[in-house]
Structure formats: structure tokens, C-alpha cells
Amino acid sequence: MPIDYSQKIPNNVNLSNDRTLQRALEHWQPHFLDWWREMGPHDFASADVYLRTATGVDAQGWASYGAVKMPDYRWGIFLADAIPERDIGFGDRFGEPVWQQVPGEFRSQFRRLIVTQGDTEPASVEQQHLLGHTCPSLYDLRNLFQVNVEEGRHLWAMVYLLHAHFGRDGREEAEELLARHSGDADKPRILGTFNEPISDWLSFYCFTYFTDRDGKFQLKSLAESSFDPLARTCRFMLTEEAHHMFVGETGIGRVVRRTLEVMKELGTDEVQALRGQGVVDLPLLQRYLNFWFSSSLDLFGSEVSSNAASSFANGIKGRPDETTQYQEHVCADATYELQTPDGKGGLQTEKVGLRNVMNEVLRVTYVRDCEIGLKRWNMQMQKAGHDFRLKLPSTRFRRSIGAWTNVPTDPEGRIIAREEYERRLPEWLPSPADRTYVTSLMQRVTTPGKMAGWIAPPDRGINNLALDYEYVRLS
């Protein structure tokens, strides 16, 4: 169904045919705009930004590009086209028709999942709302704002589901999504990673690479849901989410490339020499990767989870690409071998029902996907003749949720003494001095085509435009 931009709220769900729902969402809309003006990139409200806007939900030609002031962006409600005669693809109801309404017995589970997903969307906008003041280029500034407006639209996607399918409870939850704020001492965001400050662009690239990638896998799991409106919502969100991870992967790749250029000019990889030239030394980059990767791992939840088992059994949340990547979709009797700490400084192997470790199955798939970017960045180092390689820390390192919570390990996953762990953390995570140095690099560059000295230019511009195009016109 085409997107109707003649409505106050653009949509492709025939919103005008449900006046009660339309009025409820139009009542929420000014609250959203107030939140955007207060908590979004409000200092750039008058800038003309070269943004893409969804014009359809098919894979080809789904967006148009043009200069837009962000407060005028047309946030709307877009669902992917329905798959005819779609059946439930996993769990105890495998093969039955999908649901167009939420079954009453699963109402609380669905609401919790939708609220948690919805809470991450405005959280990231809040985390990033001051980054524009230190942008390394207009190209990057535009990409930041594209990510921001699309996170806003993803909030609309979840709010629509809450309003349309959860009645008064859903409307109240939608209001709460605007009342919580990232890092707020009294009303923080639900998930810890979304309360971490993002005060520099190196953190932003790591966040969009690692944390938005978690979002990808959560959305892919929900896109398998038996609740068809949720599945269709998430399928289209994935189309937009791909750009966010592109920003992260290419951003880190450009940081690596610029550092390698300076290493070649200086003929050294000595940290202080590189910092004297104002670039990000590779060991420092590794510490940032360690921080954001380990933070993002906790977003998948505990390794063993009865909630995950229930969600899979009841057809609420599946595995990414459930229908194409797996042969067995019920998993009632399948098992999974899981290594956990034995409480004595060693390891034990447990055999656990597969349904109970669906969080871990998702996490393992996520880690494999994260490795792809590291291979590309490491290839740059190999081609430049350097032995240094970036790597992901163990999934046991610095965990706050699950079997490895507060178990002191090194980045290789070896259990070590608590004293050694505390003493060596500055080797593995960004220190205050590291963060101070990175902050010193964050000097705003707004001349079209120019880049900050710590990052290389991208390979190409946006939508076939030149790199020196004025992607953001600042007033």
C-alpha cells in the first residue's frame, strides 16, 4: 500500500479509516515534537539537511532525497507489505496462520517487547543530541541527522503498535517513552547501554556499528513474530537500520585509514608520535571497541532465560531468518551446550534446552556479524604492512547480565583475580586520559568537502553527490 503524505501523520495503514486511533495518535504527535525540540539536535533546527524520506516500503526506490529542516521532517507509520497466507514459522504453533491481533494470553509479553524496543529509539537521539557541535565534516553531520530522524520514526513505529493494539495501557506506555531520558538519575532509559554518554564521534561510530547492530538482530527476530503487524513493522525498520550500521562501519574504517596514512608519513606506530599529529592510535581504538562491544552484548539478555523460551514457544520472537537459516523450527527437544563459570575459578559445561538459550543463539549470530567489519579494517592494516590487528573481546568480558555477571576475565575470556582485573582495566577500556585526548580531537569542520584531521574522507558522497556538496546548510 502506498504511503499517504496528505495526512497529518503520513502512513500506509489506512489510518483515516480508524478515527479513534487517528485522534489518539494526533494527540500524541505534539508531545513527540516537544520531545524532539527539547531532547533532539535542537541547536540545528533551522539547518537545511539533505535527508532521505521514505516514499514506499518496497526494496527498490523506497526513498527520496532533499533538503529538509529537521522539525519539518514527516515522521510517519510505515509497515512492509503483508506476505499473503503467511503462517507461523516457529514454536508450538508452527504452521498455523499468523495473528492480526494480539492474543490475550500474550498481551503482556508483546507489550514488554514493544516498549523495550521503542525505548531504545529516542534514547539514542538523546545520547547523540550534542554531537553536531563537533562534527568532523558536513557529510558526517548529515549522516548523524539521518540516523536521528530515522530513530525518531522507529519510535513512531512502536507507538503505533502500542496505540493500535494495547488500548489505554498502550497509550500510557507511549507517553512514558517520552518521559524517560537517557542518563536521567530518576527516570533513565530501560537498557543500560542507552544511558551511556556519547560525547565524541569515535563513540558514535562504535555505537552505530555495535549497538545499532544489536538493534538489527532484535528487529530480525521480531520480524519473524507471529503477530503480523509487528513483523511487518520490523521488516521495514530493517531497511532504514542498514544505513546506521553503514555509518559505523565506514566511520571506523575511515579512522583506521587516516591513522595508517600518518603512520606511513611518520614511519612509526609510536603512540605519542601519532597523538602529536592528532590521530587515533590503534590501541586506543581497540579500547573503544572493547567498551562498546561488551556494552552491547548485555542487550541480548541472560544466556539461559525462561522468558526467551516462552517467547519462542509461543511464537512471539523467533531467530533471525528463522525460515531460511534453520531446518528445525519447533526446538522442543533440542539441546545446546553452554560453558559457564563454575564458581571456583574454572568452567563447567551445561546441556540446556535450546529454547532456553535463544538469547545466546542470537548473541552468537551477532558476534559473527560483528567480525565482518573487523576483517575489513584489519585488511587495511595488512595491506599497509602493519602487524597490529583489531579483535573482539570475549563475550565473557565485562558482562553485567547473565552467567558471566561480575566474573573478572581478561579480554581473551580467561578468568583472573579481581585485583588483577581492576588493575588492568585501563589497558582494556578507555581511560579518562584517553577520553580527554579523543575529546581534544573533536574540532568542528563545516567547510564543504573538508574533513577533520583525525578521519579520512569517505569513498563517495551520498546519493551520487560529490563529497564537497553542502549536505547541511547551516544558518
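Source: prediction; values computed, not measured.
Looking only at distances, no side-chain donor or acceptor of R319 sits under 3.5 Å from a matching main-chain atom of M358.
Each of W292, F293, F300 was checked for a ring pair (Phe, Tyr, Trp, His ring centres under 6.0 Å) with F210, and the lone residue meeting it is F293.
With a 6.0 Å cutoff to the six-membered ring centre and a 45° limit on the axis angle, R355 does not count as a cation-pi contact of Y336. Cation-pi geometry between R213 and Y209 is satisfied (NZ or CZ under 6.0 Å from the ring centre, within 45° of the ring normal). For the pair R93 and F106, the NZ or CZ position fails the cation-pi test of under 6.0 Å to the six-membered ring centre and within 45 degrees of the ring normal.
Looking at E172 and R168, a side-chain N of the basic residue comes within less than 4.0 Å of a carboxylate O on the acidic one, giving a salt bridge. Ion pairing between a basic and an acidic side chain is recognised when a charged N comes within 4.0 Å of a carboxylate O; K187 and E176 show such pairing.
Aromatic ring orientation, F312 versus F90: tilted (interplanar angle from 30° to 60°).
Taking the six-membered ring for Trp and the full ring otherwise, W28 and W35 have centroids separated by 6.0 Å or more. Residues F227 and H165 place their aromatic rings such that the two centres sit under 6.0 Å apart. Less than 6.0 angstrom separates the ring centroid of W36 from the ring centroid of W75.
Shown here is R423, whose CZ atom has more than 12 heavy atoms of other residues, nucleotides or ligands within 6.0 Å.
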List the steps, then state whether side-chain contact (heavy atoms from CB on, under 4.5 Å) holds for K216 with K220.
CA-CA 6 Å; K216 165 189 170 181; K220 284 173 77 72; 3.9 Å; yes
